Colleague: 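Please see the structure below; I have some questions.
Just so it is clear: chains get the letters A, B, ... in the order the sequence lines come, proteins before strands, and each one is counted from 1. Note that the structure is predicted; figures quoted are calculated from it, not measured.
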Amino acid sequence: MSSPDLNPPQAEAALHTHGPLLVFAGAGSGKTRVITYRIANLIARQGVAPYRILAVTFTNRAAKEMRERLGKLLGDSIARDIWAGTFHSTCAKLLRQYGESVGLTRSFVIYDTQDQKSLVTRILKEHYEGDARFAPKQVLAWIGKQKQEAKSPDDCGENTFERGYADVYALYDKQLRACNAVDFDDLILLTSRILSDAKNPDGDRIRNRFEHVLIDEFQDTNAVQYKLMRSLVSKHQNLCVVGDDDQSIYSWRGADVRNIRGFERDFPDAKVVKLEQNYRSTAHIVGAALAVIAPSRTREPKELWTANEAGEPIEVIGLETEREEAALVVSYAKQAREAGVDLRGVAVFYRINAQSRVLEEALRASNIPYQIVGGMKFFDRAEVKDALSYLRVLDNPKSDVDLLRIINTPARGIGDSTVDKFTTYAAFSGQSLTDALSEADAIADLSSGPRKKLAAFGKLLAKLRDEATRLSPSDLLSAVLDETGYRTSLRAENSPEADSRLENLQELFGSLRDFEAEVQAAGEPATLAAFLERVSLVNDVDQMEDAARITLMTVHSAKGLEFNLVLLTGMEEEMFPYRGFDDRDDAQLEEERRLAYVAITRARQRLVITHVQRRQIFGTTRACVPSRFIGNLPHEAVVHRSTSAPRPRYVDQPGYSSYGGATGTRRPSDQPWSHPQGPARPAPPPLAPGERFVDREFFDEGASDFDESPKLRPGSAVFHERFGHGKVSAVGGGAEPVVTAFFPGWGEKKVLIKFLSAGGR
DNA sequence: CGCGAGCTCTTTTTT
DNA sequence: AGAGCTCGCG
């Protein structure tokens, strides 16, 4: 296997067989090739049984691709036996088999974000009526964080405030178990518990099962995942982790880049290999990526390089508005299509999903075939979730969240007050809602009408559950849609919206059919449970179609993918690096920088970067200046174009020193960006309330084409009679001249601009 | 009880 | 800008 297929470090990694191995795999350095060759080597030369190899990937799509490649090297029947999947899907599979000791039966369901929210809302209503301390979203974020750090309710809650959260956490977990349900974080956490419980024989069973463990995208593992991994390999230490600290972009969901940076501390015997030659991109693109990541403070030392030719220069294009930007994307796509380029190789990236709509509209209007990854997911649509809730509650009767979702969908006269009394009864008698349904006649609080309706609903479900034992999953779905009247009620609406819902249900049916065919082809039974699990754990990248269309997605979704032509849009301060409501700290800014690095390194041949002067987003118009990351690009690798004359802009824009080639190659400083207009601007005298805010210095000189209201922008310092000094967080568009501003001591306030004056400090 | 209008609130990135 | 929610009416 020291073949010409692999360069020396690649071969070194691929031929490693025992003990811990850390592979730093630079972008485009042939990582997947190394992983597949290494697994092939373990099987073909070392005689390791394929089913004793676990390969954890970041997406199910990556797992599938790995399997396909291995299929070519070793044959499909061997490749099929390898355990390959994400942390979440692997753990789900293990819990189906070994979940009993942590309180799960085989038919447990996986609650998604929406389900979690409805469960927590119900708990808060029941136990904390009227307590404003708890907002479901915040509580869930906090619980998620604890779970990602492997903390149980008893392990957390240092102060009173957190203690309150910990109590909700305990109730929430109790409810989940009562529902025979888990959330995403539980998949990892519960598996980890099984493994680290010395008294649990299942832990050893799992451990013994895997002789070799491989983890890809290791820089994006969190604390529980790390813990799980350590106990998984504690006996044999046959562990190979592959990653790139420069591509760590998931700290916001608990990923800890220290897992990769500190790997050698926990595994002192680890062999370390660095893959530094990039085979993917042109030299210009590699150079651009390096220049963007270079100012990063904390990096594992490594040198990415390429022997590829320089290629086309990177185009940086300035436009007026997001609509023009979309038109530019269309024109590049058209150009590509007319040149006979395969549209599969073209991608459009953006920082946040909200940017996709304008792009989508423009592409649709121009008949350019495209697909969008992310955003509103198919399986998140209300009608699809309704149908799935029926299936889930048939499979797992204890799932109260699902039962509540469908108890009055379609409307069957069971209103809120009936539901309240019913759930109270169930809680009081300690039953699941499904069980309580069969006693509907005995609920003293209810009058005969609601009792009858509940009982009828219970009979309907019982009938369907009976049919479920005989029908295939797809036939069961048909039965559900018919017998519940769901289809009929949508047809009766006779509206375009209802028609599109019916189409979506048809699509769900189709996808269930596809699933059955696929699973049966692999010689396995197509169970409803397996389908529901797959639906819970697929992401949009997994679902990406391999059709001849261009692809639109966030930079996060693009991780691990590559395209011949990448159009990277919205490269403006505040958008990318993104700044939401709050200022960000250095660590967050570093992550934005790594995100930009990921974006650039997805491109093979051509990279086009666009930025606009003003952008309409979240209902307001923002003035925009080019991103500091544009300022980092090496002069010689870039051509600048603009559809309009350059306009004046803030000269002290941090991290951005040259635009249109004005000042050349000076390395920009990389300061926190919280004050784009620069610190310590002299304060103009406050105006009397009622006077208009017209401080020229605060606004862009070239912005006369804005609209009628004064040109405050996020970050502008303002003064208000009552609230004092503050900072604008958003500018309200439309007729009302209002802005949202943050005032220390008062919080976010929406105020009329006429009551504001320019306020320095 | 169900529906609709108006209101508020949010607005990163996702398994 | 958009979704989701609450409130009031039929």
Colleague: Please confirm whether Lys93(A) makes a cation-pi placement over Trp83(A), using NZ or CZ under 6.0 Å from the six-membered ring centre and within 45° of the ring normal.
Modeller: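 The answer is yes, since Lys93(A) meets both limits relative to Trp83(A).
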Colleague: Mind checking whether Asp186(A) and Tyr111(A) have side chains closer than 4.5 Å, heavy atoms only?
Modeller: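 Counting from C-beta outward, Asp186(A) and Tyr111(A) never come under 4.5 Å.
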Colleague: If we require ring centres under 5.5 Å and near-parallel planes under 30°, does Trp252(A) stack on dT13(B)?
Modeller: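 Yes; by the centre-distance and plane-angle rule, Trp252(A) counts as stacking on dT13(B).
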Colleague: Name the nucleic acid region contacted by Thr418(A), choosing base, sugar-phosphate or nothing; use a 4.0 angstrom heavy-atom cut-off, strictly under.
Modeller: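 The residue Thr418(A) makes sugar-phosphate contact but no base contact.
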Colleague: May I ask you to verify whether the side chain of Arg351(A) and the base of dT13(B) hold a donor-acceptor pair under 3.5 Å?
Modeller: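 Result: at least one qualifying N/O pair found.
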Colleague: When the distance from CG of Leu140(A) to C1' of dT10(B) is rounded to whole Å, what number comes out?
Modeller: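 Atom CG in Leu140(A) sits about 16 Å away from atom C1' in dT10(B).
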Colleague: Could you work out the separation of dG4(C) and dT13(B) based on their P atoms and round it to a whole Å?
Modeller: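 To the nearest whole Å, 15 Å.
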Colleague: For Lys559(A), answer base if it contacts any base atom (sugar-phosphate contacts may also be present), sugar-phosphate if it contacts only those atoms, and nothing otherwise; contact means non-hydrogen atoms under 4.0 Å.
Modeller: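 Touches nothing.
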Colleague: Counting only side-chain nitrogens and oxygens, does Lys137(A) get under 4.0 Å of the OP1 or OP2 atom of dT11(B)?
Modeller: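 Lys137(A) to dT11(B) OP1/OP2: side-chain N or O found under 4.0 Å.
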Colleague: Taking only Lys NZ, Arg NE, NH1 and NH2, and the carboxylate oxygens of Asp or Glu, determine whether Arg594(A) and Asp244(A) approach each other closer than 4.0 Å.
Modeller: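 The answer is no: the pair does not qualify as a salt bridge.
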Colleague: Restricting to side-chain contact (heavy atoms from CB on, under 4.5 Å), what partner residues turn up for Arg357(A), sequence neighbours left out?
Modeller: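 Applying side-chain contact (heavy atoms from CB on, under 4.5 Å) to Arg357(A) gives Glu361(A).
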Colleague: What I want to check is whether the side chains of Asn222(A) and Tyr250(A) have a donor and an acceptor closer together than 3.5 Å.
Modeller: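 Not at all, the side chains of Asn222(A) and Tyr250(A) share no donor-acceptor pair under 3.5 Å.
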Colleague: Return the nearest nucleotide to the side chain of Arg357(A); candidates are dT15(B), dG2(C), dT13(B).
Modeller: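 Closest nucleotide among those given: dG2(C).
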Colleague: Taking atom C1' of dC5(C) as reference, at what distance in whole Å does atom NZ of Lys125(A) sit?
Modeller: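 Checked: the NZ to C1' distance equals 12 Å.
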Colleague: Could you tell me whether Ser557(A) contacts a base, only the sugar-phosphate backbone, or nothing, with contacts defined as non-hydrogen atoms closer than 4.0 Å?
Modeller: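 Since only primed, P, OP1 and OP2 atoms lie under 4.0 Å of Ser557(A), the category is sugar-phosphate.
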Colleague: DNA chain B: Lys453(A) or Asp185(A), which has the more 5' nearest nucleotide?
Modeller: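 This one resolves to Lys453(A).
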Colleague: Taking the side chain of Thr554(A) as heavy atoms from C-beta outward, which of dT15(B), dT14(B), dT11(B) is closest to it?
Modeller: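 Nearest to the side-chain atoms of Thr554(A), counting from C-beta on, is dT14(B).
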Colleague: Which listed nucleotide (dA1(C), dT12(B), dT14(B)) is nearest to the side chain of Glu592(A)?
Modeller: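 Looking only at heavy atoms from C-beta outward on Glu592(A), the closest nucleotide is dT12(B).
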Colleague: Distance check needed: dT13(B) C1' versus Glu591(A) CD, whole Å only.
Modeller: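 Atom CD in Glu591(A) sits about 8 Å away from atom C1' in dT13(B).
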Colleague: Output yes when Lys385(A) and Asp380(A) qualify as a salt bridge under the 4.0 Å nitrogen-oxygen rule, no when they do not.
Modeller: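 No, Lys385(A) and Asp380(A) are not salt-bridged.
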Colleague: Could you check whether the rings of His556(A) and Trp252(A) sit parallel, tilted or perpendicular, using 30° and 60° as the cut-offs?
Modeller: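 Because their plane-to-plane angle is over 60°, the rings of His556(A) and Trp252(A) count as perpendicular.
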Colleague: Just the rounded figure in Å: distance from C1' of dT14(B) to CD of Gln148(A).
Modeller: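 Computing the Gln148(A):CD to dT14(B):C1' distance gives 11 Å.
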Colleague: Return the value, rounded to whole Å, for the distance between atom CD of Glu217(A) and atom C1' of dT14(B).
Modeller: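 From Glu217(A) CD to dT14(B) C1': 14 Å.
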Colleague: Name the pairs: protein N/O against N/O of nucleotides 7-10 of chain C, kept only if under 3.5 Å.
Modeller:
none

Colleague: What is the distance, rounded to the nearest whole Å, between atom CD of Glu574(A) and atom C1' of dT12(B)?
Modeller: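 After rounding, the gap between these two atoms is 14 Å.
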Colleague: If you count heavy atoms of other groups shown closer than 6.0 angstrom to CZ of Arg451(A), is the number above 12?
Modeller: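 For Arg451(A), atom CZ is crowded (more than 12 foreign heavy atoms under 6.0 Å).
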Colleague: Contact class for Tyr250(A) vs. all strands (heavy atom < 4.0 Å): base, sugar-phosphate, or nothing?
Modeller: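 Here Tyr250(A) touches the backbone only, sparing every base.
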Colleague: Can a side chain N or O of Asn353(A) be found less than 4.0 Å away from OP1 or OP2 on dT14(B)?
Modeller: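 Affirmative; the distance criterion is met.
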Colleague: Within less than 4.0 Å of OP1 or OP2 of dT15(B), is there a side-chain N or O belonging to Asn539(A)?
Modeller: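 So the side chain of Asn539(A) is within the cut-off, an N or O lying under 4.0 Å from OP1 or OP2 of dT15(B).
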Colleague: Tell me: CZ of Phe58(A) to C1' of dT15(B), nearest whole Å?
Modeller: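 Those two atoms, CZ and C1', are 7 Å apart.
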Colleague: Report which part of the nucleic acid Leu537(A) touches: base, sugar-phosphate, or nothing (heavy-atom distance under 4.0 Å, all strands).
Modeller: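 The residue Leu537(A) makes no contact with any strand.
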Colleague: Indicate, with a heavy-atom threshold strictly under 4.0 Å, whether Ser536(A) touches base, sugar-phosphate, or nothing.
Modeller: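 Nothing, no heavy atom under 4.0 Å.
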Colleague: With a 4.0 Å cut-off on N to O distance, would you call Arg61(A) and Glu65(A) a salt bridge?
Modeller: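 Answer for the salt bridge query: yes.
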Colleague: Just by distance, with hydrogens left out, do Glu217(A) and Gln219(A) show a side-chain donor and acceptor under 3.5 Å apart?
Modeller: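 Yes.
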Colleague: Taking atom P of dT14(B) as reference, at what distance in whole Å does atom CD of Gln116(A) sit?
Modeller: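 That distance rounds to 16 Å.
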Colleague: Look at the side chain of Tyr578(A) and decide which nucleotide, out of dT11(B), dT15(B), dT13(B), has an atom nearest to it.
Modeller: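 Among dT11(B), dT15(B), dT13(B), the one nearest the side chain of Tyr578(A) is dT11(B).
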Colleague: Identify all pairs in which a protein N or O lies below 3.5 Å from an N or O of nucleotides 2-4 of chain B, and state each distance.
Modeller:
| residue | atom | partner | partner atom | Å |
| --- | --- | --- | --- | --- |
| dG2(B) | OP1 | Gly413(A) | N | 3.0 |
| dG2(B) | OP2 | Asn408(A) | ND2 | 3.4 |

Colleague: Mind telling me whether Phe134(A) and Tyr128(A) have parallel, tilted or perpendicular rings, with 30° and 60° as the class edges?
Modeller: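 Answer is perpendicular, since the angle exceeds 60°.
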